[in-house]
Amino acid sequence: MIKKDKRVDTYIFNAAPFAQEILMHFRALVHKACPEVEETVKWSMPFFDYKGEMLCNMAAFKKHCAIGFWKAAFMKDAKKLKDGNQEAMGHYGRITSVKDLPDNKTIIANIKEAMKLNDDGIKMPAKKKAAVKEPDVPEELMKALSKNKKARTFFDSFPPSQRREYILWITEAKSEATRIKRLETAMEWITEGKHRHWKYQK
């Protein structure tokens, strides 16, 4: 028995008439190729999961639809699918009617290949977090630290994120008076080995 998610029904119902036909067509092919598929909604669009992992997804926009395969980079037609992604989000390009889709045989083959990737335990590589550049230490803070060995030792031992909090707190002051006051307070706390938000730490 085909398992459908009511949220996907609602998504299709609320789509433009041209999109409804496309979404229903692709949905039917997914269920035909993968009877065990599970429907869900992620990032406000319908997704199809297989064996606990994402398989593919579909989305409707004002003037087109998009179809995507989660592990397209590992598929045989990876380059072709990537080229389709240049035109619009997804891997079949900008879809404005069912005629824009590949033939059913090709779509089913793509779905089955995506299923095999999940069967084989192929994982998408983890995205590397972009390193956050630590802002430059303002001149007045550098001078104050150079005159206070204890404070300098503590400041240098703080993780980059905690040094950043002090630097931004001082440099983002809107007036010179506020900047001076914050510098004085910062030096007092740093000398005691306290982090910028030490008052809120349990």
Side-chain angles (χ1 to χ4, degrees), residues 1-135 159-162 164:
M1 183 178 176
I2 295 177
K3 295 180 181 179
K4 293 186 176 180
D5 189 317
K6 290 182 179 180
R7 293 173 299 169
V8 176
D9 291 330
T10 300
Y11 184 94
I12 295 173
F13 179 79
N14 290 330
F18 84 90
Q20 290 179 2
E21 184 182 3
I22 297 167
L23 299 177
M24 288 190 291
H25 182 81
F26 182 73
R27 185 190 198 184
L29 290 178
V30 172
H31 282 281
K32 181 179 180 180
C34 182
E36 305 95 332
V37 77
E38 294 182 4
E39 296 186 347
T40 186
V41 172
K42 301 173 185 178
W43 300 298
S44 301
M45 67 183 80
F47 267 79
F48 300 95
D49 290 354
Y50 172 63
K51 291 194 173 178
E53 292 196 38
M54 289 184 278
L55 187 73
C56 54
N57 70 287
M58 59 187 188
F61 301 97
K62 287 184 178 180
K63 295 184 178 180
H64 75 283
C65 288
I67 302 296
F69 291 91
W70 190 247
K71 299 176 181 176
F74 298 105
M75 294 169 68
K76 293 176 183 176
D77 290 336
K79 187 180 184 305
K80 184 177 180 181
L81 292 170
K82 184 178 179 181
D83 290 342
N85 199 23
Q86 301 294 321
E87 189 179 342
M89 184 188 84
H91 296 107
Y92 288 152
R94 191 180 179 86
I95 308 164
T96 58
S97 73
V98 172
K99 293 180 181 178
D100 291 334
L101 287 167
D103 59 74
N104 292 352
K105 184 178 179 180
T106 299
I107 295 175
I108 288 175
N110 287 157
I111 295 168
K112 287 187 176 294
E113 186 180 0
M115 288 170 61
K116 190 174 187 308
L117 291 172
N118 284 13
D119 285 332
D120 294 343
I122 303 299
K123 303 287 184 182
M124 290 294 291
K127 289 185 178 180
K128 293 182 179 179
K129 291 184 178 180
V132 178
K133 184 179 179 297
E134 186 174 343
S161 60
Q162 289 170 359
R164 179 185 177 85

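For the single chain, residues carry numbers from 1 onward in sequence order. None of these values were measured; they are calculated from a predicted model.
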Exercise. Given side chains that start at C-beta, do those of Arg94 and Asp100 come closer than 4.5 Å, heavy atoms only?
Worked result: no
Problem set entry | Closest heavy-atom pair and its distance - Ala19, Ala60 | CB-CB, 3.9 Å
For this session: Provide the closest heavy-atom pair for Gln20 versus Ala15 in the form atom of the first, atom of the second, distance.
Result: NE2-O, 3.0 Å
For this session: Give the intermediate values and the outcome of salt bridge (charged side-chain N to carboxylate O under 4.0 Å, His left out) for residues Asp9 and Arg27.
Result: CA-CA 10 Å; Asp9 291 330; Arg27 185 190 198 184; 2.8 Å; yes
Problem set entry | Shortest non-hydrogen separation from Ile95 to Phe18 and the atoms involved | O-CE1, 4.2 Å
Problem set entry | Atom pair CD1 (Ile67) and CG (Leu29), whose distance is rounded to the nearest 0.5 Å | 9.5 Å
Exercise. Does Tyr92 have its ring centroid less than 6.0 Å away from the ring centroid of Phe69?
Worked result: yes
Problem set entry | Spacing of NZ belonging to Lys99 relative to CD belonging to Glu21, to within rounding of 0.5 Å | 9.5 Å
Exercise. Would you say Asn118's side chain and Met115's backbone share a donor-acceptor pair under 3.5 angstrom?
Worked result: no
Problem set entry | Lys32 to Pro35 - nearest heavy-atom pair and separation | O-CD, 4.1 Å
Exercise. Roughly how far apart are Leu101 CG and Ile107 CD1, rounded to 0.5 Å?
Worked result: 4.5 Å
For this session: Any chance you could lay out the salt bridge (charged side-chain N to carboxylate O under 4.0 Å, His left out) test for Asp49 and Lys42, step after step, and finish with the verdict?
Result: CA-CA 11 Å; Asp49 290 354; Lys42 301 173 185 178; 3.0 Å; yes
For this session: State the CG-NE2 distance between Asn57 and His91, to the nearest 0.5 angstrom.
Result: 8.5 Å
Seminar exercise, completed: Taken to the nearest 0.5 Å, the spacing of Phe74 CZ from Lys123 NZ works out to 11.5 Å
Problem set entry | Minimum-distance pair of heavy atoms, taken over all atoms of Met45 and Tyr11 | CA-CE1, 4.0 Å
For this session: Step through the shown structure and confirm whether more than 12 heavy atoms of other residues, nucleotides or ligands are within 6.0 Å of CD on Glu38.
Result: no
For this session: Measure the CE-CG distance between Met75 and Leu117 for me, rounded to the nearest 0.5 Å.
Result: 7.0 Å
Exercise. So does Glu113 have more than 12 non-hydrogen atoms from other groups sitting under 6.0 Å from CD?
Worked result: yes
For this session: Decide yes or no for Pro46 and Leu23: does some side-chain heavy atom of the first lie under 4.5 Å from some side-chain heavy atom of the second?
Result: no
Exercise. Quick one: are Asp119 and Lys51 in side-chain contact, heavy atoms under 4.5 Å?
Worked result: yes
For this session: I would like to know whether Asn104 and His25 meet side-chain contact (heavy atoms from CB on, under 4.5 Å); could you show each step before the answer?
Result: CA-CA 9 Å; Asn104 292 352; His25 182 81; 2.9 Å; yes
Exercise. Would a 4.5 Å heavy-atom cut-off, applied to side chains only, mark Ile22 and Phe26 as touching?
Worked result: no
Problem set entry | Heavy-atom side-chain proximity of Val8 to Met58 below 4.5 angstrom | yes
Problem set entry | Exercise: identify the closest heavy-atom pair between Lys3 and His31 | O-CE1, 3.2 Å
Exercise. Are Arg7 and Asp5 close enough for a salt bridge, meaning some N to O gap below 4.0 Å?
Worked result: yes
